[in-house]
Amino acid sequence: MKETTIEEQQDFVKDITKMSDDFDRWYTDVVRKAEMADWSGVRGMMVVRPYGWAMWENITRAFDDMIKESGHENWAFPLLIPQELLVKEAAHIEGFGPEVAWVTKAGAAMEELEEPLAVRPTSETIIGHLIRRYIQSHRDLPKLTNQWNSVVRWEMRSRLFLRSREFWWQEGHTFHASAQEAIDEAELILGYYRSIAEDWLAVPVFSGKKSRAETFPGAEHTLTLEGLMRDGMALQMGTSHYFGQNFARAYDISFSNKDNEKELCYSTSWGISTRLVGALVMAHGDDSGLVVPPRVAPIQVVIVPIYRDADGRAKVEAFIGGWTPELKAAGIRHRVDWRDERPGDKYAHWELKGVPLRLNVGARDADAAQVEMVDRLSRQRVSVPVSGIAQRLRDELDAFQKKLFDRAHEFRKENTYELSTLDEVVAHFKERGGFVWVPWSGDAECEERAKAEAGGVTIRTLDDEEKPSGECFVCGKPAKHRVSLAKAY
RNA sequence: CGGGCGGUAGCUUAGCUCGGCAAAGCGCCUGGUUUGGGACCAGGAGACCGCGAGUUCGAAUCUCGCCCGCCCGACCA
């Protein structure tokens, strides 16, 4: 049999723009050809197809388990928010105002409403307003709420999963009796998010506080996770906000403390969205299409039966039927592709869809009580005995998950730099992307100047682990923070 | 939201200047031969030519308005 190289194999890929030719087009091609999502005909509104939604479901299941474990409860709050409520927190409405969609008419006659209703861009305001009913005493705290829903933000520019006018997410909103407890809550959730990003999506992230300019409207501080995509752009993969008493003040959320004094709550909010599905595409995909981390893969193992005639098929079917129950029992998400196509079509199809492991199974294999296993990353063919196959596949999937993370981690390492002056930063981003660490004075003017001169690069995270040293990369004053810079989605 | 480009079958496009029977490849359906890396033969279905007005004997083609998409900016999870 002729050995084919990976390059030759990639020639088989039709329909997808090469990543190196045009990354944006590549991304769109992959998302659409892998049947993850499409545009709907209404500007900026997407339809998420089962293969994309299943990945989101796997993420939601993982995160929902985490927050339930730590005492959070799911609620459902209204979609529509009265104008009067939305505008109460000044910084918040100033931040979200430009992208709020309004319902102003209703009924067959399209009668004007007395008060416009905002379609939620996020729910701090309505939850703040409603939650006060359920909080009287410190004994009612903490109140740990979450909701799974979609929100609408009137974006001017859209990209599937990354920026659509409607997107699906969870928004957690918690209320506490002390500042420290709320601060700890925001940190706790950030840790969960890190686990989702790194352990589930296999995307290594830098985490830390946002600069003032990048902080959520109305928050005291915002914690963030930033991943690196294969085009060198950063992507925010989750944020967790500490509000102090800002929202409690605006919405009068107070409680009686142990000394019977009235006190305002301390609150947080935090969210991850369907954007993470886009992150997974851009962090792991290649010119053949998707590569899906096993832990979130809708299909972890695809089995391609190979046969010539009805007898051959019966033989292969009986063989496969002998051990697939073991896979099911082991919780391995698998599918046997019985479609009436040739094997080569199926190989290409499932590679485009990024299924981690494929088993080619024909009469030869049945006779030898083995299968031919091919993984999506190396495309090496390996014969595997069916005896103990469930455990073997479990191990392979775990190894695949790790390999994906390691590869992404290595990629980030190769694309992370330490620089010290604005000139260097400007020169750097003219040539390439990635993360650049610099010392920063903490002045917003320096941040703005860097953004203006280095082609839109922004401060992604403040590193609170390492002590800053040296002078600000822009103004030369002593640095207060060590910060990561990147161009971001 | 500003500037540029585009929208013809499920997909990719030709036709548009110069108005005159709506085409091709892929995909889809049926039958047959095939099947260990994207097969082949034969037949077939499939198009309010983005939507709406206008000009004209006649519009995919010309004009205007709107919708949707792509690229570049400003804004952003």
Side-chain angles (χ1 to χ4, degrees), chain A residues 1-6 8-17 22 24-25 27-29 32-33 35 38-46 95-100 121-122 150-171 193 210 213-214 216-217 222 224-226 234-241 269-279 288 304-310 312-313 316 339-352 358-366 371-372 374 379 381 383 451-452 455-456 458 488-489:
Chain A
M1 190 200 308
K2 182 177 172 286
E3 289 286 318
T4 53
T5 65
I6 285 176
E8 281 170 330
Q9 287 169 7
Q10 283 173 345
D11 288 342
F12 292 137
V13 178
K14 299 163 186 166
D15 317 322
I16 307 181
T17 305
D22 185 335
D24 293 348
R25 236 168 254 251
Y27 174 80
T28 306
D29 284 351
R32 300 194 60 208
K33 306 285 180 184
E35 303 179 325
D38 270 310
W39 288 123
S40 65
V42 179
R43 188 180 172 83
M45 298 284 181
M46 64 187 292
F96 279 102
E99 48 192 83
V100 173
T122 177
S150 69
V151 291
V152 168
R153 298 183 186 176
W154 216 246
E155 302 290 348
M156 291 309 153
R157 200 168 171 180
S158 319
R159 296 198 64 193
L160 291 166
F161 288 116
L162 302 177
R163 174 156 296 103
S164 47
R165 283 183 169 174
E166 177 183 25
F167 60 90
W168 291 264
W169 75 344
Q170 58 67 219
E171 47 177 324
Y193 286 167
K210 284 289 194 190
E214 301 277 331
F216 182 85
T222 288
T224 184
L225 298 177
E226 303 281 329
L235 182 74
Q236 183 170 301
M237 293 179 64
T239 49
S240 183
H241 318 289
S269 84
W270 24 273
I272 48 174
S273 73
T274 38
R275 166 178 263 200
L276 291 183
V277 178
S288 298
V304 177
I306 297 159
Y307 51 86
R308 289 167 196 276
D309 50 27
R313 176 180 163 136
V316 171
R339 290 176 308 148
D340 187 19
E341 303 284 346
R342 295 159 67 82
D345 289 281
K346 298 181 183 179
Y347 298 167
H349 177 79
W350 295 111
E351 279 174 16
L352 168 60
R358 187 179 76 236
L359 306 180
N360 305 336
V361 185
R364 290 206 299 257
D365 304 292
V371 298
E372 185 178 75
V374 187
R379 289 190 173 91
R381 290 156 184 244
S383 287
K451 185 175 180 179
T458 47
Y489 276 99

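Quantities reported herein were computed from a predicted structural model and do not represent experimental measurements. In what follows, chains are A, B, ... by sequence order, proteins preceding strands, each numbered from 1.
Nearest nucleotide to the A:N360 side chain, out of B:rC28, B:rG36, B:rC70: B:rG36. With B:rC28, B:rG36, B:rG37 as the choices, the nucleotide that has an atom nearest any side-chain atom of A:R342 turns out to be B:rG36. Nearest nucleotide to the side chain of A:F167, out of B:rG36, B:rA77, B:rC28: B:rA77. The side chain of A:R308 lies closest to B:rU35 when the candidates are B:rG36, B:rU35, B:rA77. Listed candidates were B:rC28, B:rG37, B:rA74. Nearest to the side chain of A:E351 is B:rG37. Side-chain atoms of A:P343 lie closest to B:rU35 of the nucleotides B:rU35, B:rC70, B:rC75. Here the side chain of A:I306 is nearest to one of B:rC75, B:rU35, B:rG37, namely B:rU35. Candidate nucleotides B:rC71, B:rA77, B:rG37 were compared by shortest atom distance to the side chain of A:V374, and B:rG37 ranks first.
Counting to the nearest Å, the P atom of B:rC75 and the OH atom of A:Y489 are 18 Å from each other. Between A:M156 atom CE and B:rG73 atom C1' the separation is 14 Å, expressed in whole Å. Protein atom CG of A:D345 is 9 Å distant from nucleotide atom C1' of B:rG37, rounded to whole Å. Atom CG in A:D22 sits roughly 9 Å away from atom C1' in B:rC71 (whole-Å rounding). Going from atom CG of A:D340 over to atom P of B:rU33 covers 13 Å, rounded to whole Å. Taking atom CZ of residue A:R32 and atom C1' of nucleotide B:rU12, one finds them 12 Å apart after rounding to whole Å. In this structure, A:R159 atom CZ and B:rC72 atom P are separated by 9 Å, rounded to whole Å. What separates CD of A:E372 from P of B:rG37 is a distance of 9 Å, to the nearest Å.
With a cut-off of 3.5 Å on both pairing distances, B:rG36 has no Watson-Crick or G-U wobble partner at all. Base pairing annotation: B:rU17 forms no Watson-Crick or G-U wobble pair, as no partner gives both donor-acceptor distances under 3.5 Å. Using N1 to N3 plus N6-O4 or O6-N4 for Watson-Crick, or N1-O2 and O6-N3 for G-U wobble, each under 3.5 Å, B:rG65 pairs with B:rC51. With both pairing distances under 3.5 Å, B:rC1 is matched to B:rG73 as a Watson-Crick or G-U wobble pair. For B:rG31, the paired nucleotide is B:rC41, the pair qualifying as Watson-Crick or G-U wobble because both relevant distances are below 3.5 Å.
As judged by a 4.0 angstrom heavy-atom cut-off over every strand, A:L162 is placed among the base-contacting residues. Residue A:D365 is classed as a base contact, given a heavy-atom separation below 4.0 Å to a base. When heavy atoms are screened at a 4.0 angstrom cut-off, A:S164 is found touching base atoms of the nucleic acid. Residue A:Q236 is classed as a sugar-phosphate contact, given heavy-atom separations below 4.0 Å to backbone atoms only. A:R43 comes within 4.0 angstrom of sugar-phosphate atoms only, judged by non-hydrogen atoms across all strands, and of no base. Within the 4.0 angstrom heavy-atom criterion, only backbone atoms of the sugar-phosphate kind lie near A:W39; the bases stay farther away. Using a 4.0 Å heavy-atom cutoff across all strands shown, A:G271 reaches no nucleic acid atom at all. Among the atoms of the strands shown, only primed sugar atoms or phosphate atoms (P, OP1, OP2) are found under 4.0 Å from some heavy atom of A:G44. Residue-level contact check: A:R153 touches the bases, meaning some heavy atom is under 4.0 Å from a base atom.
Residue A:R157 has no polar side-chain atom (N or O) positioned under 4.0 Å from OP1 or OP2 of B:rC70. For B:rA77, neither phosphate oxygen OP1 nor OP2 lies less than 4.0 angstrom from any side-chain nitrogen or oxygen of A:W168.
Rounded to a whole angstrom, the distance from the P atom of B:rA60 to that of B:rC70 is 28 Å. Taking atom P in both B:rG25 and B:rC40, one finds a spacing of 13 Å when rounded to whole Å. Nucleotides B:rU8 and B:rA77, compared at atom C1', are 37 Å apart to the nearest Å. B:rG15 and B:rC62: their P atoms are spaced 12 Å apart (whole Å). Between B:rA74 and B:rC18, the distance separating the two P atoms is 39 Å to the nearest Å. Comparing the same atom, C1', in B:rC49 and in B:rG44 gives a spacing of 23 Å after rounding to whole Å. Comparing the same atom, P, in B:rG10 and in B:rG31 gives a spacing of 23 Å after rounding to whole Å. When the P atom is compared between B:rG73 and B:rA14, the two are found 26 Å apart, to the nearest whole Å.
The minimum heavy-atom distance between A:L235 and A:A279, with the atom names listed, is CD2-CB, 3.3 Å. Residues A:S273 and A:F167 approach most closely at CB-CD1, 3.7 Å, considering heavy atoms.
Contact check on A:E351 versus A:R358 returns a salt bridge, with a Lys/Arg side-chain nitrogen under 4.0 Å from an Asp/Glu carboxylate oxygen. Note on A:K346 versus A:E341: no salt bridge recorded, every NZ/NE/NH1/NH2 to OD/OE distance being 4.0 Å or above.
You'll find a donor-acceptor pair under 3.5 Å spanning the side chain of A:R358 and the base of B:rG37, going by distance alone.
A:N360 places no side-chain N or O within 3.5 Å of a backbone atom of A:E372 that could act as its donor or acceptor partner. Looking only at distances, a side-chain donor or acceptor of A:R165 sits under 3.5 Å from a matching main-chain atom of A:E155. A:E166 places no side-chain N or O within donor-acceptor distance of the main-chain N or O of A:M46, the cut-off being under 3.5 Å. For the pair A:Y193 (side chain) and A:T224 (backbone), a donor-acceptor distance under 3.5 Å is absent.
With the nearest nucleotide of RNA chain B identified for both A:R25 and A:M237, A:R25 has the one nearer the 5' end.
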**Q.** Stepwise side-chain contact (heavy atoms from CB on, under 4.5 Å) check, A:V374 with A:Y347
**A.** CA-CA 10 Å; A:V374 187; A:Y347 298 167; over 6 Å; no
